[in-house]
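What follows is a set of notes on a single structure, which appears directly below.
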Amino acid sequence: MNHPSPLSRLAPRAGALSGCAEGEVIHERGQREVFCGLTGIIWLHRKIQDAFFLIVGSRTCAHLMQSAAGVMIFAEPRFATAIIDERDLAGLADANEELDRLVTKLIARRPDIRLLFLVGSCPSEVIKLDLSRAAQRLDSVLSPGVRVLNYSGSGIETTFTQGEDACLAALVPEMAEAKAEDRSLLIVGALAETVEDQFRRLFAEMGVGPVTFLPPRRAAELPAVGPGTRMLLAQPFLADTARSLETRGAKRLAAPFPLGMEGTTGWLAAAAEEWGVPRQRFDDAVAAPRRRAAIALAAHRERLEGSRIFFFPDSQLEIPLARFCAAELGMTPLEIGTPYLHREHLAEELALLPAGSRIVEGQHVERQLDRCREARPDIAVCGLGLANPLEAEGITTKWSIELVFTPIQGFDQAGDLAGLFARPLSRRDRLEV
Amino acid sequence: MHLAVWTYEGPPHVGAMRIAASMRDVHYVLHAPQGDTYADLLFTMIARQKARPPVTYTTFQARDLGGDTAGLFKAACADAYDRFRPAALLVGSSCTAELIQDDPGGLAEGMDLPIPVVPLELPAYQRKENWGAAETFYRLVRAFAGPSAPPPGTARAPRAAGHRPRCNILGPTALGFRHRDDVTEIVSLLGRIGVDVNVVAPLGASVADLARLGEAEMNVVLYPEVAGVAAAWLGRTFGQRTIRAIPIGVLGTRGFIAEIAEAAGLDADVLLAAEESRLPWYSRSVDSTYLTGKRVFIFGDATHAIAAARVAAKELGFAVVGLGTYAREFGREVREAAAEYGVEPLITDDYLEVEAKVAELQPELVLGTQMERHIAKRLGIPCAVISAPVHVQDFPARYSPQMGFEGANVLFDTWVHPLMMGLEEHLLGMFRDDFEFHDGAAPSHLGHAPTPRTEPAPEPALAVSTAAPAVAPAAPEPPGQPGWTPEAEKELGRIPFFVRGKARRNTERFASERGLVRITVETLYDAKAHFSR
């Protein structure tokens, strides 16, 4: 190969990084081995239990949806694809009339649906099918029984978790106006219900509240928002949602993300501070779960300490995860790939990363693989398309998608999160074949 | 526009990927938006391939659309050539790139790459995965076997004396259902018939192998869905005979041997007389008597579905109650086969339609794809998988062909075992009032001491409230259903679980047609007599 070593080309710049907060980040362009935003439907449809997600797209979109989930559970799910065909493209059929026909059929079949998302895809964006107008038209017919909204999960506009951002941003205009004097804490970003309940209990013990969640479990439970709303982002990929909420008067509380014992403490502390919770009360509230987390982490830290980890870009969770691995497990991040870096939302995280961490925004998958092979990490965090090939080359991997589908936030999940990194290594230790 | 919940086939470019991933030295540059790289995981996760499929995606984003997406494509071609050094480049568009009309074929040909470029036109809004695979394979075969084609009308020279006849094996691909093991089985079988294999393609073939396709005197088309078009062209161009018999099941394999022997002028009587599969004897042995007339529903790609119906009916003594395919291109063949078994053919790629049909027919066994396996699981019906679309389970570690005599053994085992499991469940149910078998007892094979039951088994709950069938349809029961007496409910519980749902439904239908309010034990048996006419 006549390319100069990609690692050596990056090394001088990476060496110049001293604190990531100052912001030297390497940008890369090339083939991106990532999912598109449609994939978010896989967890969003389970989260909002009376919502239906209708992708307006191609057979590829439908095929992605059933392949990306890893396991196909062939129940009748609350998502489907309206597949555009040649008649729609040739203008023989009016795409809007076709869409109306399918939606009418769908709603008749699924009377349990209260919220319908029309989800834009690459083909619908390229042919400029106006789904916001279609949603308005259908909403005027179907509401109040069924609300119809739209967002784009297309690969040309969104990478993987950005689909959730687009979906939540579409919900913001639907949120009721809260009175200016009504102070509340809004947790933004889909979390597992057990995690939500844990946070609810912690906030209650500290006297922080009322606490609401976006997305809600049911469409009718959409929280109100206003100038008294303080928001804590539970996920690092919510740029558009946060911006929309800010235009509604909400103020973002700057915080690290609730991954690991320290991340969760910092996240909760941001709200406690805003609510003026006395130090002692905060410490009392978090003491027991912190103790549990410390015990759970210690067991994994033994195996993971000193291991070198390489992150391929996937969910935008990479920077908080790298911070957790470094600070709480004693691991060394060799490269932290992220599809997109939101400096403001990640400012607290960046400050906590070890000096000299190499952050790569964007992707050129072939060059990144070259760097990974050259660096020989103890574990690489990557997508499903890369995992087995890297394993076959002798590099232990962790599927990044599991970090999105598994509850990993909060004190009582800190050990589980560490376990996700420890298990592949422990498996390697056991196997003698 | 049409609504799809689940899909049997991917888009046509995934078919092209299957061909590229099957071959040794072809690389596919796909003009596609970010996100289409999901298709890699089909190969690395489902088929557990150790290498990424040989595909480079342009992964353009919205910001590229206003700019030079054609330039992006050319850069991707140049990079792919530099990095992978393939013997040939396939180029084409995914569904989105088809809309922006960059003409990948023209762009790549204009680049003067030092290797042949095969452009693909795969209309994503009309066609599907298998069509894409067939078209891609045909384009490759034409491109590389074409240059050695004799002038049209040239008669094929007879085989030189003392040489064994040679054939090509066409159609096996990456992500195919048991293709890996089928090839091993059929190559060995051909060897015993006395026929040498010239080229197996696309699975494991190189571009140079494709160039030699014309040297064989016949083509064995194992999977017409993929190789039918290419074989027809080869037949016309090189005067090669096409072997169409599908060697699935004992009868299928014998038919295949006979067709090859006839085409090659060989005597296969000894091989045909030898009973190489255990299936015929296992099927005749008295233990298999209970298989007689088992009602089986079959759905899959056309080749596997038609072959499965023959094996089910003629080799295992089942009753075929439904036969269908998602491959409309092969609708005619499936209709003919369905007529032979006197059933209505089901030609559809609508998963919900297939599910409704299975629920309606209440078969005792489902032979289908991974999707029918889920339907069957939900309806509590035993199932075995016979066809793509595939899941990771369809790539077993052990040797497990579907074709040839060993394949027939595999079919016997994999189709009969689910029924035996059903039988075991029934026996457990029959003995469930015995103390060893009560619900709280651990399975005896786990070696725990039996936990004695402390209270008597509860009687089945009363009447209407339990009217939800054991085998649940999606819809709730309509109001006005006749109610079950406790005795009738208990009697129903003695019926094997895999037919219990049907018995319940039939009895309820029988009762409501006669305006009966209560279903007694008598009603249950009256209904049984009525429906067994």
Side-chain angles (χ1 to χ4, degrees), chain A residues 1-2 30-39 56-60 62-64 66-68 70 72-77 79-89 93 95 98-99 101-102 105-106 122-123 125-127 154-157 159 365-366 383-389 391-392, chain B residues 1-7 9-14 32-46 48-53 56-65 76 79 82-83 94-96 99-100 123-126 128-129 351-352 355 370-371 373-375 378 391 474:
Chain A
M1 214 150 294
N2 48 9
Q31 178 178 323
R32 292 168 72 108
E33 189 83 14
V34 289
F35 286 135
C36 64
L38 296 179
T39 328
V56 183
S58 66
R59 181 167 301 282
T60 313
H63 196 236
L64 156 88
Q66 76 185 39
S67 307
M72 299 182 273
I73 300 159
F74 290 114
E76 188 174 343
F79 60 80
T81 309
I83 297 182
I84 298 167
D85 58 36
E86 50 175 344
R87 295 182 67 249
D88 305 299
L89 295 176
E98 288 287 290
L99 194 56
R101 180 177 62 80
L102 292 187
K105 201 165 109 182
L106 182 71
C122 300
E125 298 294 333
V126 169
I127 63 172
S154 81
I156 58 176
E157 285 163 317
T159 303
V365 70
E366 304 293 354
L384 296 171
L386 300 178
N388 270 337
E391 292 277 355
Chain B
M1 242 178 241
H2 66 276
L3 198 62
V5 178
W6 301 109
T7 158
E9 292 181 69
H13 72 258
V14 168
Q34 169 180 265
D36 282 5
T37 52
Y38 81 87
D40 284 0
L41 75 86
L42 305 171
F43 299 89
T44 63
M45 295 303 290
I46 294 178
R48 294 185 217 249
Q49 287 192 354
K50 289 184 174 179
R52 294 158 65 212
T56 295
Y57 306 78
T58 54
T59 60
F60 55 82
Q61 293 174 267
R63 62 181 176 199
D64 302 313
L65 288 179
D79 279 357
D82 279 348
R83 185 172 278 270
S94 79
C95 50
T96 306
L99 298 170
I100 61 177
Y125 299 90
Q126 294 172 37
K128 291 182 283 187
E129 178 179 335
Y351 167 79
L352 296 176
E355 182 177 46
Q370 283 292 332
M371 292 163 66
R373 190 173 70 82
H374 283 81
I375 294 174
R378 248 196 332 284
H391 193 36

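Chain identifiers are assigned alphabetically (A, B, ...) following the order of the sequence lines, protein sequences preceding nucleic acid strands; residue numbering begins at 1 within each chain.
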Under 4.5 Å from any heavy atom of chain B - which part of [X]:
| X | answer |
| --- | --- |
| A:Ala93 | neither |
| A:Val126 | side chain |
| A:Asp88 | side chain |
| A:Leu38 | neither |
| A:Arg87 | neither |

Rounded distance [0.5 Å steps], [atom1] in [X] versus [atom2] in [Y]:
| X | Y | atom1 | atom2 | value |
| --- | --- | --- | --- | --- |
| B:Gln370 | A:Gln66 | CD | CD | 11.0 Å |
| A:Ser67 | B:Ile46 | OG | CD1 | 6.0 Å |
| A:Leu386 | B:Leu41 | CG | CG | 10.5 Å |
| B:Thr7 | A:His63 | OG1 | NE2 | 6.5 Å |
| B:Leu65 | A:Ile156 | CG | CD1 | 5.0 Å |
| A:Leu89 | B:Met1 | CG | CE | 9.0 Å |

| task | Heavy-atom pairs under 4.5 Å with chain A are the metric here; pick the option from B:Gln49, B:Arg48, B:Arg63, B:Arg373 that has the most. | result |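 Result: the option with the highest number of such pairs is B:Arg63.
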
Considering only heavy atoms, which portion of [X] lies under 4.5 Å from any heavy atom of chain A: side chain, backbone, both, or neither?
| X | value |
| --- | --- |
| B:Glu129 | side chain |
| B:Leu42 | side chain |
| B:Ala4 | both |

Work out which heavy atom in [X] is nearest to a heavy atom in [Y]; give both atom names and the distance.
| X | Y | answer |
| --- | --- | --- |
| A:Phe79 | B:Val5 | O-CG1, 4.4 Å |
| A:Arg32 | B:Thr59 | N-OG1, 3.1 Å |
| B:Cys95 | A:Ser58 | SG-OG, 3.1 Å |
| A:Ile84 | B:Tyr125 | O-CD2, 3.3 Å |
| B:Leu3 | A:Ala80 | CD1-CB, 4.1 Å |
| A:Thr60 | B:His13 | OG1-CE1, 3.7 Å |

| field | Any donor-acceptor N/O pair, A:Gln31 side chain to B:Thr56 backbone, under 3.5 Å | value |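 No; judged by distance alone, with no hydrogens or angles, the pair does not exist.
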
| message | For the backbone of A:Asn388 and the side chain of B:Thr44, can you confirm whether one donor and one acceptor N or O come within less than 3.5 Å of each other? | response |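 A pair under 3.5 Å: no.
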
| task | Answer yes or no: is there an ion pair linking A:Glu366 with B:Arg52, defined by an N-O contact shorter than 4.0 Å? | result |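 A salt bridge links A:Glu366 with B:Arg52.
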
| message | Just by distance, no angles: are the side chains of B:Gln34 and A:Thr159 close enough, under 3.5 Å, to form a donor-acceptor pair? | response |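 Yes - a donor-acceptor pair under 3.5 Å links their side chains.
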
| message | Quick check for you: among A:Ala392, A:Pro123, A:Cys36, A:Ser154, which has the greatest number of heavy-atom pairs under 4.5 Å with chain B? | response |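 With the most close heavy-atom pairs to chain B, the winner is A:Pro123.
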
